[in-house]
Each structure stands twice: as structure tokens, then as C-alpha cells.
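Below, chain A is the first sequence line, B the second, and so on; all start at residue 1. None of the values given here were measured: they were computed from a predicted structure.
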Number of protein chains: 2
Amino acid sequence: MNQRLKSMAENRAKLISAARKAFAEKGYAASSMDDLTADVGLTRGALYHNFGDKRGLLAAVVEQIDLEMAAHAQRARAKAGDGWQGLLAEGAAYIELALDPEVQRIVLLDGPAVLGDPSQWPSQSSCLESTKLIVERLIAEGTLKQIDAEAAARLLNGAALNAALWVAASAAPQNVLPKALAAFSALATGLLK
Amino acid sequence: MNQRLKSMAENRAKLISAARKAFAEKGYAASSMDDLTADVGLTRGALYHNFGDKRGLLAAVVEQIDLEMAAHAQRARAKAGDGWQGLLAEGAAYIELALDPEVQRIVLLDGPAVLGDPSQWPSQSSCLESTKLIVERLIAEGTLKQIDAEAAARLLNGAALNAALWVAASAAPQNVLPKALAAFSALATGLLK
DNA sequence: TAATTTAATATACACATCGTATGTATGGTA
DNA sequence: TACCATACATACGATGTGTATATTAAATTA
């Protein structure tokens, strides 16, 4: 029963999937909703019914990618433990993630421009949240200086993000990546007590 | 003589000025070129002749603001000297600059989304360049660790940028700003030898 | 100074795209 | 089976960009 809900969920998934591809390849502004919906055998009627408007579709796409990013960071931290090494591992994971063109274009460039400051997003920028949790724990342990946890998390993420944009835009990413990771580690040690 | 060049320069200036206001208030995408040009008594004919297209106008606006930002950072550094304190002062200046809604919307949000990675811009993101110069000097002095100067400059700027976005989006910026500055200083000390 | 050329800007048009208002058809329900 | 709700399609209007053509004013030359 409830075949309608099922097919609606399928159509939502199809549209999000098509939007991911279109937004990543052409950018948000240059993506036509007519083309995008036609690609999956629908029309804009389905789109506006499900997502309200073009921005709503972008928001749904961003949320999906954001959750995937959080899962990736979670795995990286799990490998490295919950301590100082975990924090560094998460930063490195974040830098790696931002090398993905899909993440760059959709989450890092068009997302903020169209949806506004990431910290205000419903998905709450999961990466930011998890970084903040680690920082809080390390402060409580006495590993880190007594510093505002959110501030530290935001700056760390910002540094990692810019590092990733730099690496990705460079001519030889494989040569630049180690430099970025080294600089990130150095900066992070500034938080140690 | 050459009154034509003069009036053309005046028109360019008018258009850039109107664009600064429109882009800052409505964002790039929502700014109509018809409205914008009409505001200064011109039509889109002048615009397309001078700037090629809408992106060209944004590029011109970004370049102008970027130069102003560089001048501001220069002054802040001059006050604090050329050493370690100068680097911190420049970071603080950058955070302050990014609190300006015009800078946020145009240079930090729409700029990267429409024009691509800032380091590829003709203006070369002057702030980044000056930070890099200081870092190089401090490394040569032995004050900072042997680290890639561009990497360090990029991460510092990225951290400052995110700090500013956070502060600006917060409910009580005046309470949050000190936290951001403290976290920035802490991070930066990680670069010290 | 008058004629001619050049170029900066205005005007008009073609095309694309978004959002909405209305229509339709199918799954759920009494 | 008849009815209703709703997911989606279709049709339309408005807006906005870029371009091609026209116009006007400055610069140049004879």
C-alpha cells in the first residue's frame, strides 16, 4: 500500500540525483530546470511540487552531500581515535573531501552564495558540528587551550576548506596537497596547551 | 582634449558604483542590469560596451573592492610593524573587513561562485598576496617554522574569512568577535618555531 | 569651418528561464 | 463504484540576458 508515497520518494530521489549532476557540471545558475527534469522523464511540475523552487532543490542536494561528508569524516576519525590525532585526521579528511569537484562546486561555492551562511543551514553543516564536539572534548581533557570551541571549529574548518580549494585549483594537486596538510597540522598545534 | 575618454571613464565609474550597491543589497543573481543602468541614467548599451557582460561588471567591482581591502590591510600592518605582530594585525584587519556586508556578499560569496577561485583572479586577491609576503619574511627571519608560505597564507586567510562570516551571521557580533580573534591568534601561534 | 569618420551609447529583438495558475489522471477510501 | 485528494503535466506571463542595428556626438582632416 501507499504506492503514491513510494513513487513520490522515487521521483524526489531521481530529481536530486539529476540535480547533483547538473549543478556539479554546469553550476547552479546555468542549470535549466526544464532540461534537468526532462533528463529523468519528468517536468517542472514535479519539481515545484516537491521542492518549492529551484533553491529548494539545491538545499536538498546540499543536505544529501553534507550528510555523506559527515559520514566520511566520522570514519576518518574512528580510525585515528578520539584524541588529538582524531582532530587532525578529521581536518585531513575534510581537505580530501573538498577535492571532490561536486563538493567544491555545490557545497563550497554555489551553496553559500545561494543559500547563505552554511552554519545557518538545516543540516547545520554536520562537519562543523562534529569538529566542535571533538574540540570540546579535548578542551575538557586539558589537551587544548581554554578557547571557544565553536570559534576553534569554525577556524579549523575554514582553513581546511581554503586549503582544499587551493589544492584543487592548482596545476599539480598531488604536489600541493602535502604542503597544505603540513600547514594545517602546524596551525592546529597552535590550539595545544 | 579627449573628452570622450573622460566621459567614458565617468560612465564606467558610475556603473561600477551602482553595481556595488545593487550586488551588495540584492546579490549578483537578483540584480537586474536594466534597473542598474537606469539608476545612473544609462542603458545596457553602455554596460555591454564597457564590460562585455554581467560577469565582467562583477569582475570590475570585485577588483575595486579588493584593492581597497589591500590598502586597509596595509595600513593595519604598518601600525603593528613588519614582524609577528604585523601578521596578527593583518589577520585581525581581514576579519574586520569581512564584517562589511558589501565585502561578504560580493567578494566572499558571489565572487567565488561566479568568477571561480579567488587566487585565479586578475587582482590576485591582494590580501592573500600581502599575507604571503609577511609569512615569507618571517620564515626567512627564523620566526616561523619552515613551512610553505603560500599554504600558510591561504590557511590563515581562510580561517579569518570563516571567522568573519561566523561573527557577522551571529546574533551578537560584538560578543562573538573577541572569541574569533582569540581563536585566530591561538591558531597562528602554531606557525611559530 | 565643413565634411567625414569613428566609436560610445541607445534601441529593438530573439531567446531562454523561472514561477504560477490551471488542468488531468491516478491512487486511496468510503 | 463513486468520490476525493494529490502528484504531476501543461500553458502562460513576466523578467532578464545578450546581440544586432541604429543613432548621436566627438574627433579628425582637408
Chemist: Can a salt bridge be assigned to the pair B:Arg75 and B:Glu96 using a cut-off of 4.0 Å between side-chain N and carboxylate O?
Modeler: no
Chemist: Identify which one of A:Leu57, A:Val61, A:Val114, A:Leu109 satisfies the side-chain contact (heavy atoms from CB on, under 4.5 Å) criterion when paired with A:Tyr28.
Modeler: A:Val114
Chemist: Less than 4.0 angstrom from a charged side-chain N to a carboxylate O is my criterion; do A:Arg154 and A:Asp117 meet it?
Modeler: yes
Chemist: Look at the side chain of A:Tyr48 and decide which nucleotide, out of C:dT20, C:dT9, D:dG18, has an atom nearest to it.
Modeler: C:dT20
Chemist: Could you list by number each residue of residues 36-43 of chain B showing a heavy-atom separation from DNA chain C of less than 4.0 Å, or answer none if no residue does?
Modeler: B:Gly41, B:Leu42, B:Thr43
Chemist: At less than 4.0 Å, is any side-chain N or O atom of A:Asn11 found next to OP1 or OP2 of D:dA7? Yes or no.
Modeler: no
Chemist: Hey, is the main chain of A:Val176 close enough, under 3.5 Å, to the side chain of A:Ser170 for a donor-acceptor pair?
Modeler: no
Chemist: Is any side-chain nitrogen or oxygen of A:Asn50 closer than 4.0 Å to OP1 or OP2 of D:dA7?
Modeler: no
Chemist: If you compare all heavy atoms of A:Asp110 against all heavy atoms of A:Leu58, which two are closest, and at what distance to 0.1 Å?
Modeler: O-CD2, 4.3 Å
Chemist: Does a side-chain N or O from A:His49 land closer than 4.0 Å to OP1 or OP2 of D:dC8, or not?
Modeler: no
Chemist: Can you name the salt bridge (Lys or Arg N to Asp or Glu O under 4.0 Å) partners of B:Asp82, sequence neighbours left out?
Modeler: B:Arg137
Chemist: Counting side-chain heavy atoms from C-beta on, which of C:dA10, D:dT17, D:dC8 comes nearest to B:Asp34?
Modeler: D:dT17
Chemist: Ignoring hydrogens and angles, state whether a donor on the side chain of A:Ser130 or A:Gln74 is under 3.5 Å from an acceptor on the partner side chain.
Modeler: no
Chemist: Does anything in residues 23-32 of chain A come within less than 4.0 Å of DNA chain C? Heavy atoms only, and list the residues if so.
Modeler: A:Ser31, A:Ser32
Chemist: Closest heavy-atom contact between A:Leu99 and A:Ala164?
Modeler: CD2-O, 3.8 Å
